[in-house]
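Below is one structure, written out as structure tokens; the observations come after it.
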Amino acid sequence: MPDFVTVARVDELPPGLARQVTVDGRWVALFNIDGAFHAVDNLCLHRGGPLCEGSVRGTVVTCPWHGWQFDVSTGALIQDPSVGVSHHETRVVDGEVQVKLGD
């Protein structure tokens, strides 16, 4: 079972921003949405676009390559919620953001 891995300090990712982090060799998009951290796989299902570079409105990120949209709080594809990218558990411990890989 995977453990939590420290990927950033809270002050390194202000609200409204995202960045790519690597957890056990996997590219993960880390989002700060109004002070709550969310983590999903960074590669869009369509053509592998970098979700961390997409625009965010609420909890929805739009892939910068072709416009596919995902809810960063669940990983679900907005256009078809039966599919999506993997969502990963996050927590903050002593000012550090940690991610635990899901499936």
Side-chain angles (χ1 to χ4, degrees):
M1 181 161 237
D3 293 322
F4 279 95
V5 175
T6 298
V7 295
R9 294 206 44 83
V10 170
D11 58 5
E12 293 174 339
L13 191 62
L17 296 184
R19 70 191 265 190
Q20 178 179 294
V21 297
T22 304
V23 180
D24 294 336
R26 192 163 169 177
W27 291 343
V28 173
L30 181 66
F31 297 87
N32 182 339
I33 308 294
D34 297 325
F37 291 91
H38 300 278
V40 297
D41 280 353
N42 194 39
L43 299 179
C44 178
L45 297 177
H46 178 226
R47 298 281 179 151
L51 295 179
C52 70
E53 295 178 15
S55 62
V56 179
R57 177 172 271 169
T59 61
V60 176
V61 62
T62 301
C63 178
W65 288 5
H66 301 104
W68 282 35
Q69 296 180 310
F70 299 87
D71 185 330
V72 301
S73 68
T74 65
L77 178 66
I78 298 301
Q79 293 87 341
D80 180 359
S82 69
V83 296
V85 292
S86 293
H87 179 263
H88 309 291
E89 191 175 347
T90 62
R91 70 180 183 187
V92 175
V93 177
D94 296 327
E96 294 182 332
V97 182
Q98 299 180 340
V99 173
K100 181 178 180 181
L101 291 179
D103 53 7

Item checked: Taking every non-hydrogen atom, the tightest pair across Q69 and T62 -> NE2-OG1, 3.0 Å
Next item on the list: Report the distance from atom CH2 of W65 to atom CZ of R47, rounding to the nearest 0.5 Å.
Entry: 10.0 Å
Check: More than 12 foreign heavy atoms under 6.0 Å from CG of D80: is that the case here?
Finding: yes
Notebook entry, point to check: Under 4.5 Å between any side-chain heavy atoms of V72 and I33, yes or no?
Noted result: yes
Margin query: How long is the straight-line distance from CD of E89 back to CZ of F4, given to the nearest 0.5 Å?
Written below: 3.5 Å
Note to self: Applying side-chain hydrogen bond (donor to acceptor under 3.5 Å, both in side chains) as the test, list every pair that has at least one member in residues 32-42; sequence neighbours left out.
What the structure shows: Q20-N42, R26-D41, D41-H88
Note to self: Between T59 and T74, is there a side-chain heavy-atom distance shorter than 4.5 Å?
What the structure shows: no
Item checked: Sole candidate of P64, P50, C63 that passes side chain to side chain contact (heavy atoms under 4.5 Å, CB included) when paired with C44 -> C63
Note to self: If you compare all heavy atoms of G48 against all heavy atoms of L43, which two are closest, and at what distance to 0.1 Å?
What the structure shows: O-CD2, 3.4 Å
Checklist line | W27 side chain near T22 side chain, heavy-atom distance below 4.5 Å | finding: yes
Notebook entry, point to check: Quick one: do L17 and L51 end up in the same hydrophobic cluster if we chain Ile, Leu, Val, Met, Phe, Trp and Tyr together by side-chain heavy atoms under 4.5 Å apart?
Noted result: no
Notebook entry, point to check: Any chain of hydrophobic side-chain contacts (each under 4.5 Å) joining V85 to W68?
Noted result: yes
Notebook entry, point to check: Do you know which two heavy atoms are closest between Q79 and P81, and how far apart they sit?
Noted result: C-CD, 4.1 Å
Margin query: Within this structure, what is the CG-OG1 distance for the pair L30 and T90, rounded to the nearest 0.5 Å?
Written below: 7.5 Å
Check: Do you reckon V40 sits in the same ILVMFWY cluster as F70, going by side-chain contacts under 4.5 Å, direct or chained?
Finding: yes
Next item on the list: Output, in order, the C-alpha distance, side-chain angles, deciding distance and verdict of side chain to side chain contact (heavy atoms under 4.5 Å, CB included) for V5 and L101.
Entry: CA-CA 9 Å; V5 175; L101 291 179; over 6 Å; no
Next item on the list: Provide the closest heavy-atom pair for R19 versus C52 in the form atom of the first, atom of the second, distance.
Entry: C-CB, 3.7 Å
Checklist line | Transitive ILVMFWY side-chain link V61 to L77, under 4.5 Å | finding: yes
Note to self: Under 4.5 Å between side-chain heavy atoms, counting indirect links through other Ile/Leu/Val/Met/Phe/Trp/Tyr residues: same cluster for V23 and F31 or not?
What the structure shows: no
